[in-house]
Q: 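Quick one: the structure is below, and I'll ask about it shortly.
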Amino acid sequence: MKKDKKTIIYQLMPRWYTNMNEHCVPNGTIQQNGCGKFNDIDLSKLRSIRSLGATHVWYTGILEHATTTDYSRQGIAPCNPHVVKGKAGSPYAIRDYYDVCPDMAIKVKNRMAEFEALVERTHQAGLKVIVDFVPNHVAREYESDAKPTGISDLGEGDNPMMFFDPKNNFYYITGQEFAPHGVDLGTGTGAYREFPARATGNDCFTASPNRDDWYETIKLNYGVDPWNGSTHFDPIPPTWQKMIEILKFWASKGVDGFRCDMAHMVPVAFWHWAIGQIKQINPDIIFIAEIYDTGLYRSYIDEGGFDYLYDKVTLYDTLRGILCDGWAASNLTRCWQTVEGISGHMLNFLENHDEQRIASRQFCGEPFKAFPALVVSATMSQGPFMLYAGQELGEPAADAEGYSGNDGRTTIFDYWSVPTVRRWNQGHPTAAERLLRTQYRKILRLCNSEPTLACGQFFDLMYVNQDRLDTSRHYAYMRHCDGEMTVVVANFCENAVDTSIRIPQHALDCAQMSHGSYCCINLLTDENQTIALATDTPLPVHIDAHSAILLKVYKSTKQ
C-alpha cells in the first residue's frame with residue numbers, strides 16, 4: 001500500500017469542539033452548557049487543523065441520536081429520558097440514520113443543509129470528511145422521520161413472536177418485558193416500556209441487561225442465530241438491504257469515508273457485500289473498522305474489504321503499558337510481528353473518545369512524557385495515524401462532566417466545553433499548549449513530507465543493538481524508501497541517553513545503501529551532520545529524556 005502521503009485523521013466532536021461556554025455545570029442541559037455548531041467550524045479552524053498535517057477530519061457524533069433535549073416544536077418526537085445516557089445522549093445510540101443531530105444546527109429545520117455546508121468547507125480547506133457508520137445497534141426508540149421515500153424503517157415488518165428470524169431486524173426476548181438491572185425506567189405515563197424486550201447492543205440476549213451494558217441500544221440482526229451460530233445470508237437479509245441504503249445515502253452527501261463502529265460485531269460477509277457496492281459508486285471512499293480481535297484482522301481486510309483497522313490491542317495497549325506500567329520497550333517488536341504484511345492497513349492512535357486522555361491523572365498525568373510514543377505511533381508504519389481534538393494541546397479531561405464522572409475521558413454523553421480546545425479557538429493557548437502543538441505539528445507534517453515515513457518500508461533494529469540500548473526503555477527501527485533511510489530511536493526513559501546504533505548489512509541492502517560517508521539531518525531539530533555508514537561503525541546518537549530522534553540519511557554518499 002505505497003502512498004505519497006500518510007493519512008492523518010483529526011477526530012473531533014462538533015458537540016464540544018466549538019462550545020465556548022466557560023461555566024458549564026455537571027449534568028447541565030443544552031440551555032445551561034451550550035453546544036458546538038456545524039456553522040462554527042469555519043474555514044479558519046479547518047485550515048488550522050490542516051496546518052497540523054491532517055488529511056481527514058472525522059466528525060464524531062453527527063448522526064441523530066437519542067437525547068433528553070426536546071425538539072418536539074421542530075417536529076422531532078422527544079425521547080424517553082430513562083433510556084438515554086447523560087443529558088446529551090450517546091452518539092452511538094442512533095435515533096435516525098438518515099438525519100443529523102439537531103443540537104449542532106443553528107436552525108434545526110436546516111440542520112442537514114448546515115452539515116452539507118460543513119462538508120463543502122472541509123473540502124475547501126483541503127481536508128476529507130469521515131463520518132460514523134454505526135451498524136451493530138440503534139437507540140431503543142429508533143424511528144426515522146427523515147428516511148427517503150420508499151425506505152422502510154428498522155423493525156417494520158418484524159415478527160416479535162420469534163427470538164430469531166432472518167427476516168427480522170431485531171432479536172426479541174419473547175414473552176418478557178425489558179427490565180434492565182440498576183436502571184430506573186420511571187413510573188406512570190412517563191415510564192419506558194418495551195414488550196417484548198429486544199436484545200441489547202453489546203450482544204446481551206436477555207431482557208435484563210445491567211447498567212454497564214449498552215442498555216440504551218438494541219442489537220441489529222444480520223442473519224446470525226446467536227444460539228447456535230448458524231448464518232442465514234441467502235437470501236440477503238432485510239437488515240443488509242436497509243444498511244446498504246444508509247451507506248449510499250451518506251456517500252451521496254460527499255463524505256469521503258466511514259468509521260464503522262464495533263465492526264467486528266457485524267458479520268464479515270456483510271462487509272464484503274456492502275463495501276464492494278459502495279466502492280463501485282466511489283472507489284476512493286475509505287472504510288475504517290473499530291475492531292479489537294487480532295484474530296479477525298486479516299479476514300476483515302482480505303474478505304471484508306476494509307481499508308484500515310484500529311490497532312488498539314497491539315500497538316496502543318503496548319505503548320500505554322510502556323508509558324504507565326513498566327512494560328519493556330522491546331515489546332514493540334511483537335506489535336509489528338503481529339501485523340506483519342498488513343501493517344499499512346493498521347490505524348494507530350494514542351487517544352480517541354473511548355480512551356483516557358494522555359494528560360489525565362489516569363494515564364500519564366502530563367502530555368510531554370508521551371512524546372516517544374507519539375513518534376512510534378505516527379512513524380512506525382505506512383498506516384494512518386489518528387489524533388483526538390485537544391490531544392495536541394494536552395487536554396487532561398480533569399472535569400466530572402456528568403454521566404461518566406471524572407474518568408480521564410472527554411465526555412461523549414454530556415453537553416460540555418473542553419478548556420484546551422476553547423483556549424486555542426479563542427486565540428490564547430498557554431505556552432505549554434502552544435509548545436506541545438508545535439511538536440505534534442512537526443511530527444505529523446514530517447509524515448507527509450518525508451517519503452521514508454509516508455511510504456517507506458520498516459526494519460527493526462533491536463536485534464543487533466541489544467548490547468547498546470536499554471531494551472526496557474529504548475526502541476530503534478529504520479524506515480527506508482528509494483535509497484534513503486530514516487533511523488528512529490525512541491527514549492521512554494526519564495534520563496537522556498548517549499549511545500550508538502548498529503546498522504546491519506541486511507538493513508543497508510534493503511535500503512539500497514552502501515558503506516560510505518553520508519549527509520544526514522535530524523528531522524526534529526533540523527541539524528545537519530556527516531556520518532560514516534558501515535556495519536562496523538555504529539551511528540552515534542544523543543536522545544533527550546522522554547524524546548526521540550529521526551535521523552534521515554540522504555540518498556547519495558558525500559563526495
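In this chain, residues are counted from 1 in sequence order.
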Q: Scan residues 268-283 for pairs that pass salt bridge (charged side-chain N to carboxylate O under 4.0 Å, His left out), counting only residues two or more places apart or in two chains.
A: K279-D307
Q: Tell me whether D213 contacts the main-chain N or O of N202 through its side chain, where contact means a donor paired with an acceptor under 3.5 Å.
A: no
Q: Between P384, C335, S381, which is the residue that forms a side chain to side chain contact (heavy atoms under 4.5 Å, CB included) with N348?
A: S381
Q: Got R441 and L52 here, is their nearest side-chain heavy-atom distance under 4.5 Å?
A: yes
Q: Output yes when a side-chain donor or acceptor of W271 lies under 3.5 Å from a complementary backbone atom of A289, and no otherwise.
A: no
Q: Tell me, please, which residues at least two apart from Y300 pass side-chain hydrogen bond (donor to acceptor under 3.5 Å, both in side chains).
A: none
Q: Does atom NE2 of H506 have more than 12 heavy-atom neighbours, drawn from other residues, nucleotides or ligands, at distances under 6.0 Å?
A: no
Q: Got K219 and N136 here, is their nearest side-chain heavy-atom distance under 4.5 Å?
A: yes
Q: For the pair Y97 (side chain) and V134 (backbone), establish whether a donor and an acceptor sit closer than 3.5 Å, ignoring hydrogens and angles.
A: yes
Q: Is a donor on one side and an acceptor on the other found under 3.5 Å between the side chain of N19 and the backbone of W416?
A: yes
Q: Between P91 and R15, which heavy-atom pair has the shortest distance, and what is it?
A: CD-NH2, 4.3 Å
Q: What I want to check is whether the side chains of T452 and T486 have a donor and an acceptor closer together than 3.5 Å.
A: yes
Q: Please give me the minimum heavy-atom distance between R422 and S417, naming the atom from each residue.
A: NH1-OG, 2.9 Å
Q: Does M462 reach the side chain of L469, with side-chain heavy atoms less than 4.5 Å apart?
A: yes
Q: Under 3.5 Å, sequence neighbours excluded: what are the donor-acceptor pairs made by side chains of residues 368-379?
A:
from, atom 1, to, atom 2, distance (Å)
T379, OG1, V375, O, 2.6
T379, OG1, Y477, OH, 2.6

Q: Using a 3.5 Å distance criterion without hydrogens, assess whether the side chain of D293 forms a donor-acceptor pair with backbone atoms of G295.
A: yes
Q: Going by the angle between their ring planes, with limits at 30° and 60°, are W240 and F270 parallel, tilted or perpendicular?
A: perpendicular
Q: Check whether any side-chain heavy atom of C520 lies under 4.5 Å from a side-chain heavy atom of V553, and answer yes or no.
A: yes
Q: For D544, check salt bridge (charged side-chain N to carboxylate O under 4.0 Å, His left out) against everything at least two apart and list the hits.
A: none
Q: Could you walk me through whether W250 and F115 pass the ring-ring contact (aromatic ring centres under 6.0 Å, His included) test, one step at a time?
A: CA-CA 11 Å; W250 288 102; F115 172 72; 5.8 Å; yes
Q: Could you walk me through whether Q439 and E392 pass side chain to side chain contact (heavy atoms under 4.5 Å, CB included), step by step?
A: CA-CA 8 Å; Q439 292 183 349; E392 76 280 15; over 6 Å; no
Q: Ignoring hydrogens and angles, state whether a donor on the side chain of Y475 or D460 is under 3.5 Å from an acceptor on the partner side chain.
A: yes
Q: Indicate yes or no: at least one non-hydrogen side-chain atom of V119 is less than 4.5 angstrom from one of K253.
A: no
Q: Checking ring pair (Phe, Tyr, Trp, His ring centres under 6.0 Å) between H353 and each of Y92, W16, Y17, which is the one that passes?
A: Y92
Q: Within 45 degrees of the axis of the six-membered ring of F363 and under 6.0 Å from its centre: does R357 put its NZ or CZ there?
A: no
Q: Go through the side-chain N and O atoms of R259 and Y310 and say whether any donor and acceptor fall under 3.5 Å apart.
A: yes
Q: Please check if the side chain of N352 supplies one atom and the backbone of D354 the other of a donor-acceptor pair under 3.5 Å.
A: yes
Q: Does R95 use its side chain to pair, donor to acceptor, with the backbone of A66 at less than 3.5 Å?
A: no
Q: Please answer whether the main-chain N or O of S343 pairs with a side-chain N or O of Q382 as donor and acceptor at a distance below 3.5 Å.
A: no
Q: Side chains of M485 and F459: closer than 4.5 Å at any heavy-atom pair?
A: no
Q: Using salt bridge (charged side-chain N to carboxylate O under 4.0 Å, His left out) as the criterion, list what pairs up with K552, not counting sequence neighbours.
A: E450, E484
Q: To the nearest 0.5 Å, what is the distance between CG on D407 and CG on D399?
A: 11.0 Å
Q: Would you call V138 and L220 a side-chain contact if the rule is heavy atoms closer than 4.5 Å?
A: yes
Q: Measuring only between side-chain heavy atoms, which start at C-beta, is M513 closer than 4.5 Å to H480?
A: no
Q: If you look at every heavy atom in K85 and R211, which pair is closest and at what distance?
A: NZ-O, 4.2 Å
Q: Once ring-ring contact (aromatic ring centres under 6.0 Å, His included) is applied, do any residues pair with Y10, and if so which ones, sequence neighbours excluded?
A: none
Q: Does a side chain donor of either E395 or Y388 reach within less than 3.5 Å of an acceptor in the other side chain?
A: no
Q: For side chain to side chain contact (heavy atoms under 4.5 Å, CB included), just list the numbers for S500 and R468, CA-CA rounded to whole Å, side-chain angles, deciding distance to a tenth of an Å, and then say yes or no.
A: CA-CA 7 Å; S500 55; R468 298 179 178 278; 2.8 Å; yes
Q: Please list all pairs meeting salt bridge (charged side-chain N to carboxylate O under 4.0 Å, His left out) that have one or both residues in residues 324-343, counting only residues at least two apart or in different chains.
A: none
Q: Within the 3.5 Å criterion, strictly below it, is a donor on R437 or S48 matched to an acceptor on the partner's side chain?
A: yes
Q: What verdict does the side chain to side chain contact (heavy atoms under 4.5 Å, CB included) test give for M346 and L315, after you've listed the backbone C-alpha separation in whole Å, the side-chain angles of each residue and the deciding distance to 0.1 Å?
A: CA-CA 10 Å; M346 306 311 299; L315 190 60; over 6 Å; no
Q: Is there a side chain to side chain contact (heavy atoms under 4.5 Å, CB included) between L118 and V129? Walk through the geometry before answering.
A: CA-CA 9 Å; L118 174 59; V129 174; over 6 Å; no
Q: For R445, what residues pass the salt bridge (charged side-chain N to carboxylate O under 4.0 Å, His left out) criterion, not counting sequence neighbours?
A: none
Q: Return the set of residues passing salt bridge (charged side-chain N to carboxylate O under 4.0 Å, His left out) with D256 (not counting sequence neighbours), or none when no residue passes.
A: none
Q: Closest heavy-atom contact between A389 and L12?
A: CB-CB, 3.9 Å
Q: Without placing hydrogens or testing angles, list every side-chain donor-acceptor pair under 3.5 Å for residues 53-61, not counting sequence neighbours.
A:
from, atom 1, to, atom 2, distance (Å)
T55, OG1, I8, N, 2.9
T55, OG1, I8, O, 3.1
W58, NE1, T60, OG1, 3.3
W58, NE1, D132, OD1, 3.2
Y59, OH, T122, OG1, 2.7
T60, OG1, Q11, NE2, 3.1

Q: Looking at L461 and A507, what are the two nearest heavy atoms and their distance?
A: CD2-CB, 4.5 Å
Q: Does K312, at its NZ atom, have more than 12 non-hydrogen atoms belonging to other residues, nucleotides or ligands within less than 6.0 Å?
A: yes
Q: Consider only side-chain N and O atoms of E290 and Y292, and report whether a donor and an acceptor are under 3.5 Å apart.
A: yes
Q: Checking F258 now: which residues fulfil ring-ring contact (aromatic ring centres under 6.0 Å, His included) with it, not counting sequence neighbours?
A: F287
Q: Which residue pairs pass the salt bridge (charged side-chain N to carboxylate O under 4.0 Å, His left out) test when at least one of the two sits in residues 499-508, sequence neighbours left out?
A: D467-R502
